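In what follows, a single structure is set out as structure tokens and then discussed.
Side chains included, hydrogens not; waters and symmetry mates left out as well; all remaining heavy atoms used. Since this is a predicted model, take the numbers as computed values, not measurements.
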Amino acid sequence: MALRLTADAAPATFGRLDQPAVRVRDVSKVYGPAGAHTFALDRISLDVLPGEFVCLVGASGCGKTTLLNLIAGLDRPGKGTIEVGEQPALLFQEAALFPWLTAQKNVELALQLRKVPRRQRAARAAELLHTVHLDGFADKRPHELSGGMRQRAALARALAQESPVMLMDEPFGALDAITRDLLHDELERVWQASGLTIVFVTHNVREAVRLGDRVLVLSSRPGRVVAEFPVKLERPRRLESPEVAQVAGDIVNRLRAEVRSHADDSEA
Amino acid sequence: MPTIPRPEDDLRQLDAELAGIDHLDVPVTPAPSGLARVWAQLWPKLTAIALFFVIWQVVVWTHWRPEYILPGPRKTFSALGDAIRAGTLPRAVGVTMRRAALGYALAVVIGSVLGLAVARNRILRSAIASMITGLQTMPSIAWFPLAIVLFGLTEGAMMFVVILGAAPAIANGVISGVDHIPPLLLRAGRVLGARGLAAYRHVILPAALPGFVAGLKQGWAFAWRSLMAGELIVIIAKRPSLGQQLEFTRGNQDYPGLVATMLVILVIGIVIDSVLFGRIERVIRGRWGLVDGA
């Protein structure tokens, strides 16, 4: 199946290969009033290469969502710099489709906001819905779709942005196991066909190993990258395979150590 | 980075699996036949109306008040027929509806602009949001003495009060509509590039629509009440209106005519509320998936 992300050409990757698609440098973000503030993120740095699939895992309070919001430009870092080229696409845990628009019109709106000429929008949106296997559902409104279908419609809408970078904030967290499994396959296929750079936040370590080229472990309060696990397993991987389980086991151990280190926080 | 293409078989299998789970997952909504649905909505209303007339007739039969003072349905409807044939009632309805339409239209414009400004501007909000709510608690009839001082016994006095009655409700509808937009939708819009005017056009206004329509509906009720109060008080020569008709029939001791006029006022209010706004609300709720079952 042909999947294209720009109207004219089908590039495998965006930008220069040797330059990170996302570059986060010494970014800090503080919440709360001065004095009683907490560090959501503390001098966090990371690079994501073009076409790379990076997963961020961490316990609660590690600022995963804060970091994605900063990269997406929805929030400003207190300190540090973020370089990400054009506006990245962002998928949320909820599909965040506009309830007053059909699936087709949701995608068309994304095209319209990018100033795609009116004549091209309908065909392009249909093509994107086809990419996520929603051919027969273009005229359905979000509430008429299942959770998995809504997430795929949201994925189609995000792809319509034609941004080289896609940020995903626990996008499959609210789905049942079978649907999530299928959407892993689906996302992997879209990613491989498009050459997208993906930053994927999850608290599900197996999911991170199933999907990522690299898994970054964030510490909690303050959020920092404390460990990095390259995942060299061959694709396609299966969530339930022993190899995935083994890598996930290592990461979970690291995460547990991280959580343990907070045991004394309340006494301090 | 290993990006080995998946075997074709695998892809076909994934297609089939996705199609399968979609078929299993799509919410099933039972659609009753058109006629059955209309009847299901109609019979409770018809029963209620029938009951209303029965109770009315029973009260008349008890001779609680002599029948020349409290006429029964039959006398009232014959008076209604007379008033329609004589042309006084149609003319009164015409005058009143023109006023209602003009006043309400102005209130919609003023209320919408005011509401949108207050909803999105922090300073304006802290300055006048509570004042708008306060205005709503003011009985519209209390404005009339001032309106008459300012405008005299004119159309202007009535428009003034109708707008003061309806515009705050409409503004409040806009404000609550905007306040209840899920922040997630605003963020999704921003990521998609909807900023500034585009954000209003594509995200904020459509997302605020349910609240706005609720405000429009409430605004209509306020406008209609204010107008009736106004027409009772501000009587303009050679311009017969429904409110004026109430006053005249009472003065002429034409009590069947009085009750007939009241019926007309009630029916107009109900029809606009349920047929016009009810339909708009149903369409919106249906689109947003806020309807449970039927």
If contact means a heavy atom pair closer than 4.5 Å, which residues of [range] contact chain A?
range                       : answer
residues 199-211 of chain B : R201(B), H202(B), V203(B), P206(B), A207(B)
residues 17-24 of chain B   : E17(B), L18(B), I21(B), D22(B)
residues 175-193 of chain B : L184(B), L185(B), R187(B), A188(B), G189(B), R190(B), V191(B), L192(B), G193(B)

[X] [atom1]: over 12 foreign heavy atoms closer than 6.0 Å:
X       : atom1 : answer
K217(B) : NZ    : yes
L42(B)  : CG    : yes
Q246(A) : CD    : no
E94(A)  : CD    : no
M131(B) : CE    : no

Side chain, backbone, both or neither of A194(B) within contact of chain A (heavy atoms, under 4.5 Å): both
Report which part of [X] has an atom under 4.5 Å of a heavy atom belonging to chain B: side chain, backbone, both, or neither.
X       : answer
A158(A) : neither
L109(A) : side chain
P88(A)  : backbone

Main chain of L14(B), side chain of H133(A): is a donor-acceptor contact present, judged purely on distance under 3.5 Å?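 No, H133(A) side chain to L14(B) backbone: no donor-acceptor pair under 3.5 Å.
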Which one of L167(A), N69(A), L97(A) has the most heavy-atom pairs closer than 4.5 Å to chain B? N69(A)
Considering only heavy atoms and a distance below 4.5 Å, find which of R114(A), Q161(A), R214(A), K140(A) pairs most often with chain B.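 That would be Q161(A).
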Pairs under 3.5 angstrom only: tabulate donor-acceptor contacts from the side chains of residues 170-179 of chain A to other protein residues two or more places apart or in another chain.
unit_1	atom_1	unit_2	atom_2	d
E170(A)	OE1	H203(A)	ND1	2.9
E170(A)	OE2	H203(A)	ND1	3.3
D176(A)	OD1	T179(A)	OG1	2.7
D176(A)	OD2	I178(A)	N	3.3
D176(A)	OD2	T179(A)	N	3.2
D176(A)	OD2	T179(A)	OG1	3.1

